[in-house]
Protein chains: 2
Amino acid sequence: MSITRGHAVTAALSREGIVDAALGLVDRHGLAGLSMRRLGRELGVDPMAVYRHLPDKAALLDGIVDALHAEMDLDSPAGAASWRQELATYAGRVREVLHRHPRAVGVFVTRAGSVDTGNARLADRLAAAGFAARTGSWMVECVRSLTVGLVVAEVVGAAGSGADDDERFRFGLTALLDGFERAGTQAALARPSPRSPSAPRTRPTARR
Amino acid sequence: MSITRGHAVTAALSREGIVDAALGLVDRHGLAGLSMRRLGRELGVDPMAVYRHLPDKAALLDGIVDALHAEMDLDSPAGAASWRQELATYAGRVREVLHRHPRAVGVFVTRAGSVDTGNARLADRLAAAGFAARTGSWMVECVRSLTVGLVVAEVVGAAGSGADDDERFRFGLTALLDGFERAGTQAALARPSPRSPSAPRTRPTARR
DNA sequence: ACCTGAACACCGTTCAAGT
DNA sequence: ACCTGAACACCGTTCAAGT
């Protein structure tokens, strides 16, 4: 747990070291620049050595997605004062990590990975804030989809400068969160009283 | 213009016929099942014949994205009664086409393609409904990102049945559109009076 | 002049041959 | 028993050789 972190250049391959190196390769050379053979060269080992730790290139790509999810740190408590902030923190973490690995966004978006654990944790906290279970997970999934979708648009198109992109993201996220509080959405709400201390005040109220 | 439509199996290659065949290959065998050589075989021509109509595999993939955009028919007037309906129609068209080509979603999301024409057209209509130009294009881009992001989640995860996916999509889109009408978003609004007959009544009103 | 298809430099993956 | 690396069946793309 102490040695394999960082750059495992010489011997002693580990799944984690391999995946780290693979992500580095994607960061520097793009997805097309990642091949099993090149990865072996990068690690200074036999091109086929990787296959002893990972069955497939598919598994390697899944590993990259898992590593990105780990870097997003979605499980750690946001310590947010409201469900709005909770979701905003979640979106911010996703966006920040994707911005750090723009050339890996394509892989991230294409593969399932371990999305579910972090999502479920947050959905639970939303349930504690008074949302029906289904509504809570929808909210998480929508926030996630909007966030990822916007980053994809940034990465794929040559469009906006960074500042414009930030502003657009804040605009969209605000609108979506506002919408969660509003009428059309209320129908999906169930439990009437908040249960958790982490979301005390901002439980949605019917407005129409 | 009459012969090359449909399936151009034998001679007389055209860029359009090639792209159609490529999309068909992706639909049936997935993105990994598309190769320049296999495409030639599919079309019954020399494997290298494609290169006379398209410079690259990259160009072929761009062609596929363009074909999907064309199928979405985003330029045609929605004839919608409100800007809400206008955006909902847009999102519905995007979603419908992506559902028809689930295995092509990965390509679609990864490449820029000719997004801008359809988006700009719609953004103009939103401007006519009273939104500032920047706000209008943000709205389109957010709706698009949410829609595409949700479809990606559907395709990539084994998650919901079709009905659940539809419900989640409607939930998210409704929330986003509701949010566009609401306070935090109002700051970005500019022109106060509607100009177009196609969006007569539902101009957003401040609510806080 | 045009088109073909052999050839080049790569892939992911398997598996026989060595240690 | 383990690991290596040759070999297989593919790639995208180029370009000399044919017509």
Carboxylate-amine/guanidinium contact B/Arg103 B/Asp27, below 4.0 Å: no

Basic-acidic side-chain contact under 4.0 Å: B/Glu42, B/Arg37: no

Start and end of the DNA chain C segment that chain B contacts, any atom under 4.0 Å from a heavy atom: C/dC3 to C/dA7

Base-pairing assignment for C/dT19 (Watson-Crick or G-U wobble, both under 3.5 Å): D/dA1

Side-chain ion pair, B/Arg84 and B/Asp178, N-O less than 4.0 Å: yes

D/dT13: pairing nucleotide in any strand, Watson-Crick or G-U under 3.5 angstrom: C/dA7

Check ion pair A/Asp166-A/Arg95 (N to O, under 4.0 angstrom): yes

Atom C1', compared across C/dT13 and D/dT13: separation rounded to whole Å: 23 Å

Between A/Arg168 and B/Thr135: side-chain donor-acceptor atoms closer than 3.5 Å: no

Electrostatic pair A/Arg100-A/Glu96, nearest N-O below 4.0 angstrom: yes

Contact residues, residues 30-38 of chain A to DNA chain C [heavy atom, < 4.0 Å]: A/Leu34, A/Ser35, A/Met36, A/Arg37

Centroid-centroid under 6.0 Å between A/His101 and A/Phe108 rings: no

Mutual orientation of the aromatic rings belonging to B/Trp138 and A/Phe171 [parallel < 30°, tilted 30-60°, perpendicular > 60°]: tilted

